[in-house]
Novice: 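Okay, here's the structure, questions in a sec.
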Amino acid sequence: MNYVNQTNPGKLARSVSIIGVGCTPFRETLNDPETAGYTEGDLFGYAALSAMEDAGITPKDVDFFYHGCASPLNGSNYLTPNMQVSEWIGMRGKASVHHSEACCTGYLAVDQAVKDVASGKYNCVLAACVEFGDALAIQGKPAHIRKKFSFDEFQISTEWLSDNAYTRHLMCNIGHDNIAAWYMEKYGLTPKQVDEALCMLAVNARHNSLGNPLAVDNTEDDLYETAAKIAGYDDVLAYMTSPHNPRVGGIQRISGLEHKCDGAAAVIVCATEVAEQLCGNGKKPIEVLGVGNCALEMSNPLLELSGTIEATRQVYNVTGVKPGEIDLLYVNDFIITSQLMAAEVTGYIPEGQAWKYVMDGRTNADGDKPINPNGGRTAFGHAHAASGLADFYDAVKQLRGEAFKPIRKIPRTVLLRGFGGGQNLCNVIIRTKE
């Protein structure tokens with residue numbers, strides 16, 4: 001593992017809380033005539049205005065907003081997309097910033113908004129992200145005219161993740177087998193044990209998203225048990241480890257990769273001291289206790305592991321929270337193996353035990369150590385930049401006791417681990433304000 005420079009961030013200058021969240025359904029918009037003509041403004045506006053409504057505020061109460069999109073010049077026809085949506089959300093004349101940090105964009109949007117409020121510059125900031133991960137913009141055409149985003153075209157954009165002048169683009173550090181191979185070697189597991197654990201993660205994710213109107217995979221037909229029965233298998237694990245679920249590397253199978261889709265999500269943060277007088281929702285604020293960050297260039301071996309270790313160290317140091325206090329974990333798992341690694345690095349599950357917890361159902365929404373109760377990237381869906389904020393949406397709903405798929409007991413403290421772009425790691429701890 002490469003040496004990683006360490007940073008020791010200070011505590012926030014004043015308390016900041018999440019007061020509102022919004023999220024569109026995550027969908028393949030071109031597959032439905034009702035959504036086929038949607039634009040980024042439609043999706044962004046839906047999420048942003050929903051978050052304002054959830055907080056019980058109006059656009060006039062928001063001082064500033066962040067617009068995030070993972071791949072703006074590939075996925076859209078907008079050079080400055082924040083300018084294109086401001087009037088959709090009643091923010092004419094108010095300052096804004098567009099940013100892009102690949103699949104970590106949503107987490108870093110929260111980080112930036114929190115710092116703006118903690119500094120005292122603003123009292124209320126909107127962080128929202130939008131992505132068409134399945135519908136690609138057509139150059140020279142209006143924004144509502146799109147085409148399906150093929151895998152070959154997606155691969156073109158992934159080449160932009162690395163320094164193509166000095167490094168070879170091998171997808172090696174967000175690759176399919178990277179963390180799986182490390183995990184298997186570290187704990188002396190057999191290929192069969194790792195294969196079955198990763199397959200069960202995918203099976204369980206579909207159960208977590210079942211019935212959720214916001215998830216892209218939410219019906220009985222989407223369950224792997226249904227596919228197994230159609231294929232003549234009585235045992236879902238036998239089906240998942242068969243050629244019906246082909247490998248995309250030496251270890252990982254296609255079930256462990258993201259379900260690309262379109263969507264938007266938003267979070268509103270506010271100075272905790274003014275939250276009660278500003279909000280009209282009558283709900284307790286969700287305090288952002290702190291954030292830990294790390295960024296590594298694509299050529300660094302096991303960068304996801306190294307970055308998660310450093311971001312975890314920072315967030316625990318700055319908040320004083322102990323791993324045993326975490327009631328719920330969200331992991332950006334566009335490659336599903338991330339769950340095993342992040343759960344152990346954060347101390348949420350003991351080292352070497354995550355794969356067993358998965359096999360025993362303990363990481364399911366109804367288990368004692370739930371991870372991604374919304375289904376994560378393979379089942380809720382992955383609208384790249386927006387997915388991190390979709391995690392915050394579900395986390396806040398869990399903390400309020402309003403989640404579609406509630407965990408065993410209402411949590412008090414949640415850790416969210418973001419990762420994206422072969423570089424950015426961002427860990428955030430949030431807690432219900434007493």
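Start at 1 with the first residue, then count along the sequence. These values consider heavy atoms only, across backbone and side chains, with no hydrogens, waters or symmetry-generated copies.
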Novice: Considering all heavy atoms of both residues, which atom of Ala386 and which atom of Ala264 are nearest to each other, and what is their separation?
Specialist: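 Result for this residue pair: CB-CA, 3.7 Å.
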Novice: Roughly how far, to the nearest 0.5 Å, is CG of Leu302 from CD1 of Ile179?
Specialist: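 Ile179 CD1 to Leu302 CG: 5.0 Å, rounded to 0.5 Å.
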Novice: For a 4.5 angstrom cut-off between non-hydrogen side-chain atoms, does Leu198 reach Gln252?
Specialist: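 SC-SC contact between Leu198 and Gln252 confirmed.
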Novice: Show the nearest heavy-atom pair for residues Trp355 and Gln193, with the distance to one decimal.
Specialist: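 So the two residues come closest at CH2-NE2, 3.4 Å.
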Novice: Going by the rule side chain to side chain contact (heavy atoms under 4.5 Å, CB included), which residues pair with Ala295 if we only count those two or more places apart in sequence or in a different chain?
Specialist: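 Partners of Ala295 under the side chain to side chain contact (heavy atoms under 4.5 Å, CB included) test: Asn424.
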Novice: Any side-chain heavy atom of Cys199 within less than 4.5 Å of one from Asn245?
Specialist: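 Yes, close enough: below the 4.5 Å cut-off.
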Novice: Do Tyr348 and Pro323 have side chains that get closer than 4.5 Å, going by heavy atoms?
Specialist: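 Tyr348 vs Pro323: side chains apart.
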Novice: With a 4.5 Å cut-off on side-chain heavy atoms, are Asn204 and Val358 touching?
Specialist: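 When only atoms from C-beta onward are counted, Asn204 and Val358 do touch, with a gap below 4.5 Å.
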Novice: Check whether any side-chain N or O of Glu344 sits under 3.5 Å from a backbone N or O of Ala354 as a donor-acceptor pair, and report yes or no.
Specialist: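 At least one qualifying donor-acceptor pair exists.
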Novice: What I want to check is whether the side chains of Tyr330 and Asp394 have a donor and an acceptor closer together than 3.5 Å.
Specialist: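 Tyr330 vs Asp394: donor-acceptor pair found between side chains.
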Novice: With a 6.0 Å cut-off on ring centres, are Phe26 and His382 close enough?
Specialist: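 Not close enough - the centres of the two rings lie 6.0 Å or further apart.
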Novice: Flag the pair His144 / Tyr38 as yes when their ring centroid distance falls below 6.0 Å, and as no otherwise.
Specialist: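 Ring centres of Tyr38 and His144 not closer than 6.0 Å.
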Novice: Quick test of your reading: applying salt bridge (charged side-chain N to carboxylate O under 4.0 Å, His left out), list the pairs with at least one residue in residues 244-257, sequence neighbours left out, ordered by first then second residue.
Specialist: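 Every pair satisfying salt bridge (charged side-chain N to carboxylate O under 4.0 Å, His left out) with a residue in residues 244-257: Asp195-Arg247, Asp195-Arg253.
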Novice: With a 3.5 Å cut-off and no angle check, do the side chains of Thr7 and Gln314 form a donor-acceptor pair?
Specialist: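 No, no side-chain donor-acceptor contact under 3.5 Å.
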Novice: Report yes or no: do Asn427 and Arg313 form a side-chain donor-acceptor pair below 3.5 Å?
Specialist: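 No pair is found: no donor N or O on one side chain lies under 3.5 Å from an acceptor on the other.
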Novice: Who pairs with Lys186 by side chain to side chain contact (heavy atoms under 4.5 Å, CB included), at least two apart in sequence or on another chain?
Specialist: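 If we apply the side chain to side chain contact (heavy atoms under 4.5 Å, CB included) test to Lys186, skipping adjacent residues, the hits are Trp182, Glu351.
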Novice: State which residues pass side chain to side chain contact (heavy atoms under 4.5 Å, CB included) with Ala365; sequence neighbours excluded, sorted by chain then number.
Specialist: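 Testing Ala365 for side chain to side chain contact (heavy atoms under 4.5 Å, CB included), a comparison that skips the adjacent residues, returns Asn208, Pro373, Lys405.
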Novice: Please evaluate residues Asp262 and Arg27 with respect to the criterion salt bridge (charged side-chain N to carboxylate O under 4.0 Å, His left out), reporting the C-alpha separation (whole Å), side-chain torsions for both, the decisive distance (0.1 Å), and the verdict.
Specialist: CA-CA 5 Å; Asp262 314 318; Arg27 293 289 181 268; over 6 Å; no
Novice: Is there a donor in the side chain of Arg412 and an acceptor in the side chain of Thr432, or the other way round, less than 3.5 Å apart?
Specialist: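 Side-chain D/A pair, Arg412 to Thr432: absent.
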Novice: Would you please name every residue forming a side chain to side chain contact (heavy atoms under 4.5 Å, CB included) with Lys148, sequence neighbours left out?
Specialist: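 Applying side chain to side chain contact (heavy atoms under 4.5 Å, CB included) to Lys148 gives Glu28, Leu30, Asn31, Asp134.
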Novice: Run the side chain to side chain contact (heavy atoms under 4.5 Å, CB included) check on Val315 and Val428 step by step: do they pass?
Specialist: CA-CA 7 Å; Val315 79; Val428 185; 5.9 Å; no
Novice: Could you note down all residue pairs passing salt bridge (charged side-chain N to carboxylate O under 4.0 Å, His left out) where residues 355-378 supplies at least one of them, sequence neighbours left out?
Specialist: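 Qualifying pairs, neighbours excluded: Arg362-Asp368, Arg377-Asp391.
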